[in-house]
Protein chains: 2
Amino acid sequence: MLEARLPQASILKKIVESVKDLVSQANFDCSDSGISFQAMDESNIALSSFLLRADGFDPYRCDRNLSLGIKFASLSKILKCAGNDDVVIIRYMDDADILSLVFESPNNERISEFDIKLLDIDSEYLSIPDQEFECKVKMSSSEFSRICRDLMTIGASVVIDATKEGVKFSATGDDGSGSVLLKQSGSIDNEGRGVVGTSVEMVEPVSLELSLKYLNNFTKAAPLSDSVAINMSNGIPVMFQFDVGDIGYIRYFLAPQIKDDD
Amino acid sequence: MLEARLPQASILKKIVESVKDLVSQANFDCSDSGISFQAMDESNIALSSFLLRADGFDPYRCDRNLSLGIKFASLSKILKCAGNDDVVIIRYMDDADILSLVFESPNNERISEFDIKLLDIDSEYLSIPDQEFECKVKMSSSEFSRICRDLMTIGASVVIDATKEGVKFSATGDDGSGSVLLKQSGSIDNEGRGVVGTSVEMVEPVSLELSLKYLNNFTKAAPLSDSVAINMSNGIPVMFQFDVGDIGYIRYFLAPQIKDDD
DNA sequence: CTACGGGGTG
DNA sequence: CACCCCGTAG
């Protein structure tokens with residue numbers, strides 16, 4: 001069986017909200033190391049993956065490896081029935097065809113239990129090599145959301161140029177063009193404030209063009225983390241990573257478009 | 001004639017908003033004891049009734065019994081023209097075919113008067129015996145609203161099980177099932193906060209299945225009262241009562257469905 | 001025109 | 001976490 005107790009329902013709620021527009025269903029893989037999934041979007045362009053380590057739960061018990069097929073629309077509906085501060089207990093009994101979610105209100109006067117039907121999803125698990133990237137940008141996730149939203153009004157794709165000086169986001173459309181340059185700023189997190197600067201770590205400058213439609217889906221994960229890591233190498237899929245506290249992460253991979261260099 | 005002065009227009013506004021989706025028109029019965037109405041919904045399934053006692057008005061005068069046919073859509077439009085803090089005066093002149101509503105702003109600088117045409121509605125008045133119920137639940141009205149809204153996403157009907165321990169609301173649908181258990185909690189209204197606990201008073205456990213569509217109409221009355229009383233006996237219509245301060249109430253009756261026990 | 005759901009603010 | 005307002009859908 002699986003039994004995992006997560007003290008903060010809001011974490012699970014945000015994770016599901018951030019992927020449900022991208023992926024309709026996925027297998028949740030549960031093992032003694034934690035819970036994860038990965039899935040391509042409907043058009044097979046973007047890959048979403050997430051991991052919550054076992055030590056993010058208290059307690060966590062998973063007797064054997066499980067692959068639980070979940071429809072995100074159903075899961076999202078059910079999670080809307082949980083308060084942000086509820087404790088959530090995820091439970092699966094061996095060979096059952098349902099997954100149970102139990103929500104306990106902070107004062108314990110309210111206990112809700114929801115059972116969600118499991119699906120049989122044939123998952124071609126795509127293993128992603130743990131590659132090194134030529135360039136790693138770390139920046140404020142809300143700043144990133146803002147830029148993607150703003151540039152979406154200019155054009156359909158964004159060019160990201162990263163150099164030692166900083167990172168530049170540019171878009172071009174019928175009515176004009178625009179760009180935002182973030183200079184590298186040494187001070188990440190001044191005095192415990194939520195202020196996050198921009199850092200660029202690189203062995204090679206990169207320049208990549210990406211679809212803003214997808215990026216604007218990825219930014220739904222911004223509420224999970226103050227910062228986002230953007231890991232790039234020329235010509236291969238970009239990895240966006242939002243850390244979930246120190247207990248896990250959610251990652252998106254998106255292949256760059258062929259750039260129309262003017 | 002009838003002349004009734006209600007110091008708070010908001011009360012009348014909320015009452016009308018809470019029934020107008022259920023009932024299109026009704027006879028308002030006025031006597032020296034107060035103003036009331038009762039009406040079945042269009043499909044003759046749910047009964048709505050309300051009462052404002054004469055002492056909730058100041059002053060109140062009603063020379064003889066009246067039955068004034070009102071279309072809720074018209075009344076609702078007119079009441080939208082009143083400020084929440086306006087004083088409202090309800091006035092009917094004998095043998096007139098209109099009812100007058102006068103709104104006075106708190107500072108008395110603005111006086112509005114609206115006349116609404118009366119209808120001739122043949123009302124088969126259904127007298128409801130003042131019965132004893134096997135089980136009386138009292139709980140937070142906003143909690144009740146929340147549960148009905150949440151479970152609506154799971155299924156079309158809810159099963160209410162009340163026992164000495166508390167009350168459980170359950171729903172089942174295509175994607176799974178869910179339930180919310182409220183434990184009986186001693187502390188009602190800690191320290192004047194709007195916190196309302198759950199109490200169950202019973203001579204017999206009950207288990208009833210009800211349409212969530214109707215319940216979600218009833219919960220429109222939640223703004224009138226912090227708490228709702230749910231009075232049940234197995235097999236007969238359930239009564240939901242929202243008190244209007246200490247001057248009246250609004251009640252809904254809904255017959256249980258035949259339960260499909262698995 | 002009305003009702004319901006989602007997002008933002010206090 | 002609760003309440004209010006706005007936008008979208010029926």
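Residue numbering restarts at 1 for every chain, and letters A, B, ... go by the order of the sequence lines.
- No contact: Lys213(B) has no heavy atom under 4.0 Å from any strand.
- Between Lys13(B) atom NZ and dC4(D) atom C1' there is a gap of 14 Å when expressed in whole angstrom units.
- For the pair Lys14(B) NZ and dC4(D) C1', the computed distance is 13 Å after rounding to whole Å.
- Across the protein-nucleic acid pair, Lys220(A) atom NZ and dG6(C) atom C1' stand 12 Å apart, rounded to whole Å.
- The residue Asn84(A) sits close only to the backbone: its heavy atoms come under 4.0 Å of sugar-phosphate atoms, none of a base.
- Looking only at side-chain heavy atoms (C-beta outward), Val228(B) and Lys138(B) stay at 4.5 Å or farther from each other.
- Between Phe144(A) and Phe218(A), the distance from one ring center to the other does not fall under 6.0 angstrom.
- Between the C1' atom of dC1(D) and the CZ atom of Phe103(A) lies a distance of 17 Å, rounded to the nearest Å.
- Between the P atom of dG6(C) and the CZ atom of Arg146(B) lies a distance of 12 Å, rounded to the nearest Å.
- We find that CG of Leu215(B) is positioned 13 Å from P of dC4(C), with the value rounded to whole Å.
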(request) Show your reasoning for whether salt bridge (charged side-chain N to carboxylate O under 4.0 Å, His left out) applies to Lys80(A) and Asp150(B). (result) CA-CA 7 Å; Lys80(A) 285 207 199 323; Asp150(B) 284 352; over 6 Å; no
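- Atom CG of Asn216(B) and atom P of dG10(D) are 18 Å apart (whole Å).
- For the pair Asn217(B) and Glu17(A), nearest-nucleotide mapping onto DNA chain C gives the more 5' position to Asn217(B).
- Side-chain atoms of Thr219(B) do not come within 3.5 Å of backbone N or O of Ala222(B) as any donor-acceptor pair.
- Considering only side-chain atoms of Lys80(A), the nucleotide from dG6(C), dC1(D), dC4(C) that sits closest is dG6(C).
- When rounded to the nearest whole Å, the span between NZ of Lys77(A) and C1' of dG6(C) equals 16 Å.
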